[in-house]
Amino acid sequence: MSQESTATYSHLRNFWQAKSDKPESEIDSGDSSIKKPSTKSKKSSTSNNIMADLATSALEFEQEIVGVYLAQFLKAAQQLGGDIAEHANLVEQAFSAQKTFLQFATKYSQPGDDILQRLLKNTANAISEIQSYREKRRSSPFFNHLSAVSESIPALAWVTVTPTPGPHIKEMNDAGQFYTNRVLKDFKDKQGHAEWVKFWVTTLTELQAYVKKNHTTGLVWGKETFTGGAFCARGSGPPIPPPPPAFQLGDIENLNVSDERSALFASLNKGEDITSGLKPVTAAMQTHKNPSLRGGSTVAEKQGSTPVASKQTTTVTGTKPAKCQLEGKKWVVENQIGQKSLTIDKVEMNQVIYMFGCKDSVLTVKGKLNSIVIDSCVKTAVVFDSLVASVEFVNTRDCQMQVLGKVPTITIDKVDGLQIFLSKDSLEVEIISSKSSALNVMVPKGESGEFSEWPIPEQFKTLVGTKGLVTTPTETVGV
């Protein structure tokens, strides 16, 4: 990813996280329900009469993106139920908020930044709620479903991207692909999950096509001038209120100020004479002339002066309670700090381990189990015997892993620094990495106990071939 695209993405993340606790009343989330796809909806005279004043692109977003593709995704989510269905309801609110925003944007010319931010606030709040829902349910069996949507839902920020909003949607769609692949792998034998993945990916793909068609170089605004309070979207709340009256400087004269502040203002009005009241610094107060003062950080008090009690600063740590326990078939290891001898033994092949928020710790697993996930850990190591499925590292930094037996797959996503020690039984392992750096694989040398270190490529060269693109790792001098 180029430095320019990285800066754009960082700007978008900061923009959408600038949310309010309560949605603005001026922009409603739109219709509370979405009709099932119907070929007759486009030809309905009633629908055409209601939305006659809306631009064609706004109608296409409502009828195609929301009315067809998103509706299929919502139906699949409701059939799965539970956390997936509740999460999908939040997604519906986000798309409804964008629908209302597009109804405004395609009718009026671009307003000032203050009104624009208030127009986008409902969408930003909806995206934040979607991501917060995921964070509060890390122990959910459908965590990969929630993560797939949470990682890709910022695609709705395309309305703030210029000059190429379409690639931004694709980038967000690709960001969620890591988790959709996990869903397809973990739920391949369960009905409905593959359809859920298909409909969500299709929704974002069709959204990208819609943007490329109607807003190729950025959001296309309307021509009318918005004067405030005139726009009220179909199904929305009250119109946008006018800005508050400007503060009158004349009101300062009527303010009641204390004597101390009055004296301060009076001294500031002295101009150059303001320094006339300062006391001179004598040689006894200067550290370079009085060596006895160098041992402390303050000047010695005068004799007869009244000591002033110093304020004590209390440092409040936000450390969450540590956890290492079995919950159903999942071992949960969380918030372990400086624990070098964590051990889990007597594991079963249908159990998994989820390690989150640990730092400077070492976990040893004895026995064979299904899989291990290391999430948001720093300087943490895990040593295990064998796994049935895979070991996964997500959002970690400066970590290590060692397999003593066999592991089929190692998955790495958004990792900065990882040492992988393989055993002679794991030389056929499949390593899948994305958006990661400083990855090194330690391969054993015979029976001597020594290892050969091999880096996983970070840079690639892509050429245009006769049948498409040809990508190969870039060779680095000294590697």
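Each residue takes its place number in the sequence, starting with 1. Owing to the predicted nature of the structure, the values given are computational and were not obtained by experimental measurement.
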Quiz: residues 190-207 side-chain donor-acceptor pairs under 3.5 angstrom, not counting sequence neighbours:
{"from": "His193", "atom 1": "ND1", "to": "His145", "atom 2": "NE2", "distance (Å)": "2.9"}
{"from": "Glu195", "atom 1": "OE1", "to": "Gly192", "atom 2": "N", "distance (Å)": "3.4"}
{"from": "Trp200", "atom 1": "NE1", "to": "Ser152", "atom 2": "OG", "distance (Å)": "3.0"}
{"from": "Thr202", "atom 1": "OG1", "to": "Lys198", "atom 2": "O", "distance (Å)": "2.6"}
{"from": "Thr203", "atom 1": "OG1", "to": "Tyr69", "atom 2": "O", "distance (Å)": "3.2"}
{"from": "Thr203", "atom 1": "OG1", "to": "Phe199", "atom 2": "O", "distance (Å)": "2.7"}
{"from": "Thr205", "atom 1": "OG1", "to": "Val201", "atom 2": "O", "distance (Å)": "2.8"}

message: Once you measure the plane-to-plane angle for Trp221 and Phe101, does it fall in the parallel (<30°), tilted (30-60°) or perpendicular (>60°) bin?
response: perpendicular
message: Quick one: does any side-chain atom of Ser386 pair with a main-chain N or O of Lys368 as donor and acceptor, under 3.5 Å?
response: no
task: Would you please name every residue forming a side chain to side chain donor-acceptor pair (under 3.5 Å) with Ser140, sequence neighbours left out?
output: Asp83
- prompt: Distance only, no hydrogens: is a donor on one side chain within 3.5 Å (strictly under) of an acceptor on the other, for Thr462 and Thr471?
  reply: yes
Residues that Thr472 engages under side chain to side chain donor-acceptor pair (under 3.5 Å), provided they are two or more places apart: none
Contacts table for residues 347-359: side-chain donor-acceptor under 3.5 angstrom, sequence neighbours left out:
{"from": "Gln351", "atom 1": "OE1", "to": "Trp331", "atom 2": "NE1", "distance (Å)": "2.9"}
{"from": "Gln351", "atom 1": "OE1", "to": "Glu348", "atom 2": "N", "distance (Å)": "3.2"}
{"from": "Tyr354", "atom 1": "OH", "to": "Arg138", "atom 2": "NH1", "distance (Å)": "3.0"}
{"from": "Tyr354", "atom 1": "OH", "to": "Asp375", "atom 2": "OD2", "distance (Å)": "2.8"}

task: Flag the pair Asp360 / Lys340 as yes when at least one side-chain heavy-atom distance between them is below 4.5 Å, and no otherwise.
output: yes
query: Which pair of non-hydrogen atoms, one from Ser426 and one from Gly405, has the smallest distance, and what is that distance?
result: OG-O, 2.8 Å
message: Show, in sequence, the C-alpha distance, side-chain angles and deciding distance for Thr409 and Lys185, and conclude whether the side-chain contact (heavy atoms from CB on, under 4.5 Å) test is met.
response: CA-CA 12 Å; Thr409 306; Lys185 180 179 179 181; 4.2 Å; yes
query: Donor-acceptor pair, Thr180 side chain versus Gln177 backbone, under 3.5 Å?
result: yes
message: Please enumerate all residues that pass salt bridge (Lys or Arg N to Asp or Glu O under 4.0 Å) together with Glu334, with sequence neighbours excluded.
response: none
- prompt: Between Leu219 and Val159, which heavy-atom pair has the shortest distance, and what is it?
  reply: CB-O, 3.9 Å
query: Going through the distances and angles, do Val441 and Glu453 end up as a side-chain contact (heavy atoms from CB on, under 4.5 Å)?
result: CA-CA 6 Å; Val441 181; Glu453 183 175 1; over 6 Å; no
task: Name all pairs fulfilling the salt bridge (Lys or Arg N to Asp or Glu O under 4.0 Å) condition that reach into residues 381-402, sequence neighbours left out, sorted by first residue then second.
output: Arg182-Glu392
task: Start with the C-alpha distance between Val394 and Tyr179, add both sets of side-chain angles, then the distance that settles side-chain contact (heavy atoms from CB on, under 4.5 Å), and finish with yes or no.
output: CA-CA 11 Å; Val394 183; Tyr179 293 101; 3.4 Å; yes
message: If you count heavy atoms of other groups shown closer than 6.0 angstrom to CD of Glu428, is the number above 12?
response: no
Distance-only donor-acceptor check, side chains Glu60 and Tyr210, under 3.5 Å: no
query: Counting heavy atoms not belonging to Lys379, are there more than 12 under 6.0 Å from its NZ?
result: no
- request: Test side-chain contact (heavy atoms from CB on, under 4.5 Å) on His87 and Ser150 and set out the steps.
  value: CA-CA 9 Å; His87 206 224; Ser150 297; 3.6 Å; yes
